[in-house]
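Let me begin by presenting the structure, written as structure tokens, before commenting on it.
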Amino acid sequence: MNELTELSYALDTFYFLICGVLVMWMAAGFSMLEAGLVRSKNTAEILTKNIALFAIACTMYLLLGYYLMYSGDAGGILPNLGFLLGDDNTVAAVTAGSDDAPYYSMRADFFFQVVFVATAMSIVSGAVAERMKLWAFLAFAVVMTGVIYPVSGYWTWGGGWLAEVGFSDYAGSGIVHMAGAAAALAGVLVLGPRKGKYGKDGSIFAIPGANMPLATLGTFILWMGWFGFNGGSELKVSDVSSANNMAQVLVNTNAAAAGGVIAALILAKAWFRKADLTMALNGAIAGLVSITADPLSPSALGATLIGAFGGLLVVVSIVGLDKLKLDDPVGAISAHGVVGIWGVLAVPLSNDGASFGPQIIGIIGIFAWVFIASLVVWLIIKAIMGVRVSEEEEYEGVDLAECGLEAYPEFTVSKVHGGGGASGRTRSEGASQAQAAARS
């Protein structure tokens with residue numbers, strides 16, 4: 001390698017690593033967003049889930065997932081399992097800097113890929129919050145990050161059959177976000193809604209989150225991390241064309257998020273007569289998910305409009321899923337699933353190299369695989385260990401039941417006269433119930 005080639009190799013490797021670090025930071029964003037949108041009595045458990053799922057994702061992808069995703073034949077359906085017998089034919093086996101190696105370190109590629117897997121699993125966490133057993137969730141994380149996600153990842157980014165038919169998804173509106181939402185939907189169906197969320201007469205009761213500043217911080221962290229998510233998916237930065245592309249990707253990513261916030265906020269004001277912060281936060285995420293399938297082709301104004309439509313869509317979807325009694329405390333299925341589908345379908349609007357046929361095939365293929373496989377796994381876990389905490393544990397909060405501690409212990413109301421479970425409620429929970437009653 002000459003000096004210029006070595007410099008390019010080092011720059012592209014460093015770029016990959018830094019973008020991976022930004023995506024890893026999204027784990028903090030999901031943690032803060034979800035912690036802010038659940039009740040205080042469930043905060044410690046959801047934080048435990050988020051840090052544990054990240055560790056599990058990194059380990060399972062290292063042991064199994066990366067090989068499944070990049071071991072198969074071009075155009076195939078099933079990954080090549082030869083690596084289990086010692087036949088390491090993956091790109092990871094290529095020696096860094098050798099003649100047959102790519103223009104960056106494969107270790108950097110692995111690091112960038114592994115944080116995407118964790119992102120997909122993080123989407124599941126918020127949707128099943130406040131009533132799922134911690135260890136049931138972690139058991140599912142093992143299968144999701146080790147097998148389910150890598151198989152559909154092989155179909156697309158690994159060169160499998162969806163790549164062959166022309167499916168286009170630049171950074172993962174469908175491959176990552178819709179896949180995570182499909183797994184979440186299967187979990188929500190098996191789990192059922194939180195107690196008190198829906199009345200027998202079909203009424204819907206709001207269960208407000210405990211910490212809106214924390215949820216807002218989480219959204220800003222996700223917004224920032226998304227620059228690595230989409231920017232890193234350009235895969236190169238060491239030449240003029242790639243550098244210009246990355247600049248366009250970051251501009252479009254930011255524009256789409258802004259469009260999502262504005263559209264969601266305006267619709268919320270028109271529909272609910274209030275500037276609903278939670279809808280604005282989900283609007284930002286919806287805008288980001290919308291543009292992720294192709295943040296390069298549109299103009300900045302086009303990206304803003306794509307994000308704005310995602311912002312409108314997420315508000316309608318959250319209300320619609322509530323009417324269907326699909327209880328998603330953080331709106332993850334809407335923001336990542338419904339809007340993820342929109343993002344994939346929006347690609348041909350500005351990308352002449354894409355068409356609607358392959359995009360629809362990709363949506364159906366990925367969603368069907370992840371949803372069905374996840375549903376089977378959830379049902380197996382339910383049969384073996386159960387997936388839902390007891391009604392009493394749910395009422396008291398899963399922090400104590402699953403983690404043995406509280407995120408905000410100073411808020412706990414003192415027990416009165418050796419009273420029962422009701423006296424252990426937190427002040428924020430009582431406030432939430434009062435708000436819910438007022439809204440109903």
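Residues take their numbers from the sequence shown, with the count starting at 1. Predicted model, so just to flag it, every value in this text is computed and none were measured.
- In this structure, the separation between NZ on K49 and CG on L138 is 9.0 Å, given to the nearest 0.5 Å.
- Between W226 and I291, every side-chain heavy-atom pair lies at or beyond the 4.5 Å cut-off.
- The shortest heavy-atom contact between L267 and L312 is CD2-O, 3.6 Å.
- Proximity of a side-chain donor or acceptor of W378 to a complementary backbone N or O of A183 within less than 3.5 Å is detected.
- A distance of 7.0 Å separates CG in L189 from CG in L375, rounded to the nearest 0.5 Å.
- Within the 4.5 Å cutoff, side-chain heavy atoms of L288 are placed close to those of T253.
- Looking at heavy atoms from C-beta onward, M212 lies in side-chain contact with L37 at the 4.5 angstrom threshold.
- No more than 12 heavy atoms of other residues, nucleotides or ligands shown are found within 6.0 angstrom of CD1 on I51.
- Within the structure, no pair that satisfies the side-chain hydrogen bond (donor to acceptor under 3.5 Å, both in side chains) test touches residues 132-152, not counting sequence neighbours.
- For F30, the ring-ring contact (aromatic ring centres under 6.0 Å, His included) partners two or more places apart in sequence, or in a different chain, are H336.
- Heavy atoms only, all atoms of each residue included: N254 and F227 are closest at OD1-CZ, 3.7 Å.
- For the pair D294 (side chain) and Y170 (backbone), a donor-acceptor distance under 3.5 Å is absent.
- No more than 12 heavy-atom neighbours from other residues, nucleotides or ligands sit within 6.0 angstrom of CZ on F220.
- Going from atom CD1 of I175 over to atom OH of Y154 covers 14.0 Å, rounded to the nearest 0.5 Å.
- With sequence neighbours left out, the side chain to side chain contact (heavy atoms under 4.5 Å, CB included) criterion links A284 to T219, W223, V261.
- In this structure, the ring-ring contact (aromatic ring centres under 6.0 Å, His included) partners of Y61, at least two apart in sequence or on a different chain, are Y66, F110.
- Distance alone, capped at 3.5 Å, is enough to place a donor-acceptor pair between the W157 side chain and the D169 backbone.
- S334 is linked by a side chain to side chain donor-acceptor pair (under 3.5 Å) to S317, counting only residues two or more places apart in sequence or in another chain.
- Q359 contributes a side-chain N or O that, together with a main-chain N or O of S168, makes up a donor-acceptor pair within less than 3.5 Å.
- Here the side chains of I366 and F167 are in contact, with some heavy-atom distance below 4.5 Å.
- In terms of the ring-ring contact (aromatic ring centres under 6.0 Å, His included) criterion, residue partners of F112 (sequence neighbours excluded) are, by chain and number, F16, F116.
- The line from CD of E34 to OG of S125 is 4.0 Å long, rounded to the nearest 0.5 Å.
- Residues meeting the side chain to side chain contact (heavy atoms under 4.5 Å, CB included) test with S31, sequence neighbours left out: L47, N50.
- Within the structure, every pair that satisfies the salt bridge (charged side-chain N to carboxylate O under 4.0 Å, His left out) test and touches residues 323-340, not counting sequence neighbours, is listed here: R194-D327.
- For L324, the side chain to side chain contact (heavy atoms under 4.5 Å, CB included) criterion is met by L321, L326, not counting sequence neighbours.
- For T278, the side chain to side chain donor-acceptor pair (under 3.5 Å) criterion is met by D276, not counting sequence neighbours.
- A donor-acceptor distance shorter than 3.5 angstrom exists from the side chain of D399 to the backbone of T43, with no hydrogens or angles considered.
- Counting all heavy atoms, side chain and backbone alike, A286 lies closest to G310 at CB-O, 3.4 Å.
- Within 6.0 Å of the CZ atom in F14, the count of heavy atoms belonging to other residues, nucleotides or ligands does not exceed 12.
- By the side chain to side chain contact (heavy atoms under 4.5 Å, CB included) test, L305 is found to be paired with no residue, residues two or more places apart in sequence or in another chain being considered.
- The minimum heavy-atom distance between V370 and A182, with the atom names listed, is CG1-CB, 3.9 Å.
- The structure places CZ of F54 at 4.0 Å from SG of C58, a figure rounded to the nearest 0.5 Å.
- Between the side chain of K41 and the backbone N or O of Y395, at least one donor-acceptor pair lies under 3.5 Å.
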**Prompt:** Hey, mind stepping through K197 and D322 against side chain to side chain contact (heavy atoms under 4.5 Å, CB included) and telling me if it holds?
**Reply:** CA-CA 9 Å; K197 176 63 178 176; D322 241 357; 3.4 Å; yes
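- Using a distance-only test at 3.5 Å, with no hydrogens or angles considered, no donor-acceptor pair links the side chain of T13 to the main chain of Y104.
- Residues A184 and I123 share a closest heavy-atom pair of CB-O, 4.3 Å.
- Residues E402 and T48 have side chains that never bring a donor and an acceptor to within less than 3.5 angstrom of each other.
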**Message:** Apply side chain to side chain contact (heavy atoms under 4.5 Å, CB included) to residues L345 and I360 and explain how you reach the verdict.
**Reply:** CA-CA 7 Å; L345 291 176; I360 294 171; 3.9 Å; yes
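- Without hydrogens or angle criteria, E234 side chain to N245 main chain gives no donor-acceptor distance under 3.5 Å.
- Using a 4.5 Å heavy-atom threshold, the side chains of P329 and R131 count as touching.
- Within the 4.5 Å cutoff, no side-chain heavy atoms of D12 are placed close to those of L235.
- By the 4.5 Å heavy-atom criterion applied to side chains, K382 and L191 are not counted as neighbours.
- Atom CG of L400 sits about 4.5 Å away from atom CD of E406, to the nearest 0.5 Å.
- No more than 12 heavy atoms of other residues, nucleotides or ligands sit less than 6.0 Å from atom CH2 of W25.
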**Prompt:** Would I148 and V143 count as a side chain to side chain contact (heavy atoms under 4.5 Å, CB included) if you check the C-alpha gap in whole Å, the side-chain angles of each, and the deciding distance to 0.1 Å?
**Reply:** CA-CA 6 Å; I148 297 175; V143 184; 4.1 Å; yes
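- Side chain of N211 to main chain of A35: no donor-acceptor pair is present (N/O by atom type, distance under 3.5 Å, no hydrogens or angles).
- Residues satisfying the side chain to side chain donor-acceptor pair (under 3.5 Å) test with Q113, not counting sequence neighbours, are Y70.
- In terms of heavy-atom proximity, I306 sits nearest to W342 at O-NE1, 3.1 Å.
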**Message:** Using the rule given for side chain to side chain contact (heavy atoms under 4.5 Å, CB included), can you reason through T119 versus H177, listing the C-alpha separation, both sets of side-chain angles and the distance that settles it, and then say yes or no?
**Reply:** CA-CA 8 Å; T119 298; H177 295 279; 4.3 Å; yes
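- Using a 4.5 Å cut-off on side-chain heavy atoms (C-beta onward), F140 and V128 make no contact.
- Relative orientation of the F371 and F367 rings is parallel, given thresholds of 30° and 60° on the angle between their planes.
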